[in-house]
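Remarks on the structure that follows.
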Amino acid sequence: MDDLILYIHIAGLALAALGMLYADSQALAWLRGKKDVLLHQHILRAHHVVSVALSLIILTGLILFWPMRDYLLGQPLFWMKMAFVGALVINAFVIEKLMHLPTRGSFASLTKKQKIPLMLSGAVSAASWVGAAILALVLFW
């Protein structure tokens with residue numbers, strides 16, 4: 001049963017990666033000016049895919065965590081990984097607040113005050129996904 005949960009956990013990670021690749025490719029085209037605006041339904045779909053995948057990863061992670069809880073709770077790397085996961089959850093709400101911006105105009109038309117949260121959110125997302133993945137590999141392999 002644990003193997004099945006692990007495979008579902010990894011499938012959730014793959015689904016999140018696909019959603020992020022799509023969202024990031026759209027965002028990069030918008031940032032570079034190749035697209036003036038992005039379609040709201042496309043942004044929303046990508047956000048939902050990544051959010052559902054993150055929820056699946058968290059749920060299966062809790063199931064995998066439970067038998068190892070005594071060991072993991074004493075591991076600083078585990079707590080760092082959980083900080084990255086927490087940042088991803090918080091950032092999902094931030095993204096939900098910011099995702100209307102690319103539907104209203106070009107990146108170049110945004111003020112600096114509008115651009116900074118977008119760039120910070122992207123950096124937090126990238127660092128958190130990569131950090132959580134690396135720490136998972138270090139902790140479990």
Side-chain angles (χ1 to χ4, degrees), residues 1-108 110-141:
M1 182 66 161
D2 284 347
D3 285 346
L4 176 62
I5 298 299
L6 178 61
Y7 293 138
I8 295 170
H9 191 72
I10 293 169
L13 184 58
L15 180 63
L18 289 172
M20 287 182 297
L21 283 172
Y22 175 75
D24 289 351
S25 69
Q26 295 295 302
L28 190 57
W30 180 68
L31 283 168
R32 290 177 146 183
K34 293 183 178 184
K35 291 188 174 190
D36 288 331
V37 295
L38 299 178
L39 295 175
H40 178 73
Q41 58 267 38
H42 290 185
I43 296 171
L44 191 60
R45 187 175 302 125
H47 181 64
H48 285 159
V49 166
V50 175
S51 295
V52 166
L54 180 59
S55 298
L56 180 64
I57 292 167
I58 291 170
L59 177 64
T60 56
L62 284 170
I63 295 167
L64 292 168
F65 159 81
W66 194 251
M68 300 178 67
R69 65 190 177 276
D70 292 332
Y71 167 75
L72 289 172
L73 291 174
Q75 298 299 312
L77 292 178
F78 174 76
W79 288 105
M80 289 173 61
K81 182 175 183 271
M82 291 303 98
F84 282 130
V85 172
L88 288 168
V89 171
I90 292 167
N91 198 48
F93 291 103
V94 172
I95 289 169
E96 194 167 323
K97 296 282 186 195
L98 297 174
M99 67 184 183
H100 69 279
L101 290 172
T103 67
R104 295 185 178 162
S106 68
F107 181 73
L110 296 179
T111 66
K112 188 174 183 179
K113 189 176 180 179
Q114 291 172 314
K115 289 178 182 179
I116 290 173
L118 285 170
M119 303 306 276
L120 285 174
S121 177
V124 166
S125 179
S128 296
W129 281 108
V130 170
I134 290 171
L135 289 173
L137 291 172
V138 170
L139 276 166
F140 300 108
W141 276 285

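If you're wondering where the values come from, they're calculated on a predicted model, not measured in any experiment. Sequential numbering from 1 along the given sequence is applied to the chain's residues.
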For the pair E96 and H47, evaluate side-chain contact (heavy atoms from CB on, under 4.5 Å) and give the outcome as yes or no after the intermediate values.
CA-CA 8 Å; E96 194 167 323; H47 181 64; 3.6 Å; yes

Do the non-hydrogen side-chain atoms of [X] and [Y] ever get within less than 4.5 Å of each other?
X: M68; Y: F78; result: no
X: H48; Y: L44; result: yes
X: R45; Y: Y22; result: no
X: W79; Y: L73; result: yes
X: L15; Y: M20; result: no
X: W129; Y: V50; result: yes
X: K34; Y: W30; result: no
X: F107; Y: V37; result: no

Between [X] (side chain only) and [Y] (backbone N and O only), is there a donor and an acceptor less than 3.5 Å apart?
X: S121; Y: L118; answer: no
X: R69; Y: W66; answer: yes
X: S128; Y: S125; answer: no
X: Q26; Y: A23; answer: no

For the [atom1] atom of [X] and the [atom2] atom of [Y], what is their distance to the nearest 0.5 Å?
X: I116; Y: L110; atom1: CD1; atom2: CG; value: 11.5 Å
X: D3; Y: I8; atom1: CG; atom2: CD1; value: 11.0 Å
X: H40; Y: M99; atom1: NE2; atom2: CE; value: 5.5 Å
X: I134; Y: L139; atom1: CD1; atom2: CG; value: 12.0 Å
X: L98; Y: L120; atom1: CG; atom2: CG; value: 10.0 Å
X: L38; Y: R104; atom1: CG; atom2: CZ; value: 13.5 Å

Please lay out, stage by stage, how I43 and T103 fare under the test side-chain contact (heavy atoms from CB on, under 4.5 Å).
CA-CA 9 Å; I43 296 171; T103 67; 3.7 Å; yes

Check whether more than 12 heavy atoms from other residues, nucleotides or ligands sit under 6.0 Å from atom OH of Y7, and answer yes or no.
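No, the 6.0 Å shell around OH holds no more than 12 heavy atoms from other groups.
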
Could you go step by step and tell me if L54 and V89 meet the side-chain contact (heavy atoms from CB on, under 4.5 Å) rule?
CA-CA 8 Å; L54 180 59; V89 171; 4.1 Å; yes

Heavy-atom pair of closest approach, residues K81 and A136:
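Minimum heavy-atom separation between K81 and A136: CE-CB, 3.4 Å.
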
Just to verify, which of I57, I58, I63 counts as forming a side-chain contact (heavy atoms from CB on, under 4.5 Å) with H9?
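Going through the options one by one, the only one that passes is I57.
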
Hydrogens and angles aside, do D36 and S106 bring a side-chain donor and acceptor to less than 3.5 Å of each other?
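Absent: no donor and acceptor within the cut-off.
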
Checking F65 against T60 for the side-chain contact (heavy atoms from CB on, under 4.5 Å) test, could you report, in this order, the C-alpha distance in whole Å, the side-chain angles of both residues, the deciding distance, and whether it holds?
CA-CA 8 Å; F65 159 81; T60 56; over 6 Å; no

